[in-house]
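Below is one structure, written out as structure tokens; the observations come after it.
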4 protein chains.
Amino acid sequence: MKEPAALADIQLTGDSRGVELQQVGVSGVDMPLCIRRVGRRDFHTWGRFQLTSSLAKELRGTHMSRCMSLLAELSRDGLSELSLTPLLRRAVTSLQASSAQISVDFQYFMEKGAPVTGLRAPMAYTCKLAGSLSRKNARELVSTRAAVVVPISSSCPCSKALAEEGAHSQRAVIKADFVLDPLENWDFLWIEDSIAALENVSSAPVYPLLKRVDEKSVTEQQFGNPKFVEDVLRDAVCLIRTWNKLRGFRVEVEAYESIHAHNAWACHQEGHFLEEA
Amino acid sequence: MKEPAALADIQLTGDSRGVELQQVGVSGVDMPLCIRRVGRRDFHTWGRFQLTSSLAKELRGTHMSRCMSLLAELSRDGLSELSLTPLLRRAVTSLQASSAQISVDFQYFMEKGAPVTGLRAPMAYTCKLAGSLSRKNARELVSTRAAVVVPISSSCPCSKALAEEGAHSQRAVIKADFVLDPLENWDFLWIEDSIAALENVSSAPVYPLLKRVDEKSVTEQQFGNPKFVEDVLRDAVCLIRTWNKLRGFRVEVEAYESIHAHNAWACHQEGHFLEEA
Amino acid sequence: MKEPAALADIQLTGDSRGVELQQVGVSGVDMPLCIRRVGRRDFHTWGRFQLTSSLAKELRGTHMSRCMSLLAELSRDGLSELSLTPLLRRAVTSLQASSAQISVDFQYFMEKGAPVTGLRAPMAYTCKLAGSLSRKNARELVSTRAAVVVPISSSCPCSKALAEEGAHSQRAVIKADFVLDPLENWDFLWIEDSIAALENVSSAPVYPLLKRVDEKSVTEQQFGNPKFVEDVLRDAVCLIRTWNKLRGFRVEVEAYESIHAHNAWACHQEGHFLEEA
Amino acid sequence: MKEPAALADIQLTGDSRGVELQQVGVSGVDMPLCIRRVGRRDFHTWGRFQLTSSLAKELRGTHMSRCMSLLAELSRDGLSELSLTPLLRRAVTSLQASSAQISVDFQYFMEKGAPVTGLRAPMAYTCKLAGSLSRKNARELVSTRAAVVVPISSSCPCSKALAEEGAHSQRAVIKADFVLDPLENWDFLWIEDSIAALENVSSAPVYPLLKRVDEKSVTEQQFGNPKFVEDVLRDAVCLIRTWNKLRGFRVEVEAYESIHAHNAWACHQEGHFLEEA
């Protein structure tokens, strides 16, 4: 019988392959996520997390259970700003790694009022936060990303110009991914503001609850403001360029064309988007 | 050392719980699917299969590998009609079961021409075939189902009536599920005909390839023919009721509203739809 | 110019097709969901809702915006028990329908302790609640369903018997769907209890956080307790049969076999499961 | 009435925003895909395509219908090698763009024999091909990527060392993404060879069809060869480094841990992986 007291730690076994790995850890971890917002009540949702770190070439394995402890801690403490840097610092220490990476996908909700009646209901926005931190020669490199998926509507300028009457319209989404300057204090208000601003580069926003007078208004706005995915993307790019504290961004627009079973799609990125994140 | 010659068959171990199970087998099995069509060349796609059978209360386990052999055989032989009954007969025999069930989900493609230029390109339709066979007192009960997902477009009658100009439109889908009379000879032409017929209960069909003159035509058709999901569903129900060899059907219409981030949805079923399948 | 004061209500237009529809409404609606638990603090998550009602043959369309108002109300008020009947009563009245149906899918979380160290972390369980209510001749028919997805592990008895050493094991899920007796008071503790009970019909439960001594324990439990999907299903069926206030149930077990790229799958249902829901 | 002969081409309207876009086109396009293999019969599957091109700052919109024509052509002609460069050349010309990008995701099938009985059945591998081509100062830059998802199994070295008997095992996947040297002649045999080679860095491969003697063999191989995701990743990295005509690669290993509901995950990339593709 094996000696239970021994409980060998196989992960610490040396490794002779000489390969340092960039990311090792846990993925697909669902946990509650409490968002602590300045001057407002906490918002509760849940996130799908990934937490990883580098693995030195001398070590055979990482400590997956420490990743889970760190995520459970984050789940208990909540998040008050967009930066995940404090957790990443604990991760590199706890995991004895030179770098660590985290990401979390979650649904965020905002009350949205109809354009005429003002009737309100919650509307969901899929968001993602991601961060990476690496230590090289006593220097710390940090990268933080925030991403939002904003549902909108588009109506087609070509279709409107060609047809006797009408124009085909469709649901579309703007997916924007921002590389944040980690020296800034980014809180969730910034997420809300960017969502609200991006909704306005559409033909018309979409709403959770519309009465007839609201539907009249949205239809007319949609029809009066036809835009290709290219137009939505260019307007989004011009808008985001004015947000001067970003290090980089990537924007994607996808329209679920109502005359096709496939989508119109456009994408553009600028700045330090492709750096290690 | 264990005697390799023994290779115990644990599945055949008796079971004392006294529970006969309705369905046991394999799921999530991807295999090539060749569709042999009368008077036309074979069509090649792949399917995601599930094959199960009942399990008598005296037996501990089924023979999963026999399910895989049967599916590999079906994958090699191909399918020339909508019925899966021959395979189910082999399954009940091979698996010594009183009933067997199969389903396969696959993409089917049809060339579709634009309404004015006639330019053609392939368009995908998600389909499903399912069958069940049970033997009770030397009598064989067979049930066969075929389902199609038909992408269409809808424009909103309410929006058109309210707005000065325009009407919101959107991509939508009709999901129709048919219980076939197993005495009929149902081949894939029937699937193609039902897809084509269902496309016409929309505000306008959707197309893979449209030139400007085609887009003008589709936009005008869409705008001239506004329909709620309720309208599309009722027209589909009225249409399908005229297909008099069906034992039952279920139709679902879902419109990806362009003024909302959620969907309008309607569903109706008639006949022996809920029988064991 | 159209008279804005008029704002025609196209939905109320008569319909001549003579088709009464079973379900019309909204789907894919994401909203916050607050679960009010007896003697414990509220639990906050979000749900994906569907709310529908029947549509009389004389009416052309339903009132989608009323569905959204009802869901927004439910989102604000929260849920303290598994029954959705109060909301369905408001729905049939508000929508002037003879029946209404609701369903909501959501992630529920429970703290789970490791088997030896007792270290705790949250673990996610996908749940669903669904209800239907119909009024016929001043009589009210109610059906309520609750479903849970319970991740477990299984190790293979056949593999263990055949191999010199070891046995293949894998992650698996038990999906259980219950038709509740609507006269009972079902609260979320019942959900928690059924999840905990179902975890124990596995080879071994799965855990969010395991230290080495815990991993030793779980591995030995898994290996010492090999079960086919058929075994897990039969044990689940025997267990659920003892829960004597259910009207019916359906249980499905799916094992993501570690020796295959496809799954072993088994399913069984009893009682009034197939009634209109 | 508008003059039909006019049919304005809104896409050609000038654009004053001065924003050149990197990618505009179609996504989510399902079409049949015929793979012409040297010395073997054609293989038929279908793909989900995306085709895009850059858009000069002077033009308002691209020609989505030309993207669809190009894809329909590719669907008709089939693919005999991994390079998509010929199509990208036609795309930049047809779309008057300085660069074009394409990707296609599809299921590829290979017959796989059981390790002892040799019994064969088809097994599915999810693959992706992607290419980009840009023209700058009469110079053509080409990048080609091929990716495969290879299902495998892993058994845990830590669990094996700790437990009296047994070790937890699970299904896992290796996702490998290769940047190919476009001067090479890469055909589908290369894809098959890389899948086969990657299957061997696992604890044991997975199979579609296993009889009892095969299951004994696979279980013993799995148990005799325990590997962390870190081990699988390092062995994959060492293997791929010997494939000396690649410009870069990215490998990801994900194990669906049978003692957890979340996954172990590891990732590593080398070479010119991050270049514009």
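Residue numbering restarts at 1 for every chain, and letters A, B, ... go by the order of the sequence lines. Here the structure is a predicted model, which means the values were calculated and not measured.
- F106(D) and G47(D) get closest at one heavy-atom pair: CB-CA, 4.1 Å.
- Between P122(C) and P208(C), the closest heavy-atom pair is O-CB, 3.7 Å.
- No side-chain heavy atom of F43(D) sits less than 4.5 Å from a side-chain heavy atom of C34(D).
- Between L119(C) and L210(C) there is no side-chain heavy-atom pair separated by less than 4.5 Å.
- Using a 4.5 Å cut-off between heavy atoms, A261(C) touches chain D through backbone and side chain atoms alike.
- Using a 4.5 Å heavy-atom threshold, the side chains of L189(C) and V38(C) count as separate.
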Using the side-chain contact (heavy atoms from CB on, under 4.5 Å) rule, take F49(D) and V26(D) through it: C-alpha gap first, then chi angles, then the decisive distance, then the call.
CA-CA 8 Å; F49(D) 292 87; V26(D) 293; over 6 Å; no
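- Rounded to the nearest 0.5 Å, atoms CD1 (I195(D)) and CD1 (I152(D)) are 13.0 Å apart.
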Is there any N or O donor on one of chain D and chain C with an acceptor on the other under 3.5 Å, and could you list each such pair with its distance?
unit_1, atom_1, unit_2, atom_2, d
S159(D), OG, T219(C), OG1, 2.9
E164(D), N, E220(C), OE2, 2.6
H168(D), NE2, E215(C), OE2, 3.0
S169(D), N, S169(C), OG, 2.8
S169(D), O, S169(C), OG, 3.2
S169(D), OG, S169(C), N, 2.8
S169(D), OG, S169(C), O, 3.2
S169(D), OG, S169(C), OG, 3.4
R171(D), NE, E257(C), O, 3.1
R171(D), NE, H260(C), O, 3.0
R171(D), NH1, A261(C), O, 3.4
R171(D), NH1, N263(C), OD1, 3.4
R171(D), NH2, E257(C), O, 3.4
R171(D), NH2, H262(C), O, 2.6
R171(D), NH2, N263(C), OD1, 2.8
Y207(D), N, I259(C), O, 3.0
Y207(D), O, H260(C), ND1, 2.6
E215(D), OE2, H168(C), NE2, 3.0
T219(D), OG1, S159(C), OG, 2.9
E220(D), OE2, E164(C), N, 2.6
Q222(D), NE2, S258(C), OG, 3.3
E257(D), O, R171(C), NE, 3.1
E257(D), O, R171(C), NH2, 3.4
S258(D), OG, Q222(C), NE2, 3.3
I259(D), O, Y207(C), N, 3.0
H260(D), O, R171(C), NE, 3.0
H260(D), ND1, Y207(C), O, 2.6
A261(D), O, R171(C), NH1, 3.4
H262(D), O, R171(C), NH2, 2.6
N263(D), OD1, R171(C), NH1, 3.4
N263(D), OD1, R171(C), NH2, 2.7

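- For the set C158(D), P151(D), A204(D), the count of heavy-atom pairs under 4.5 angstrom toward chain C peaks at C158(D).
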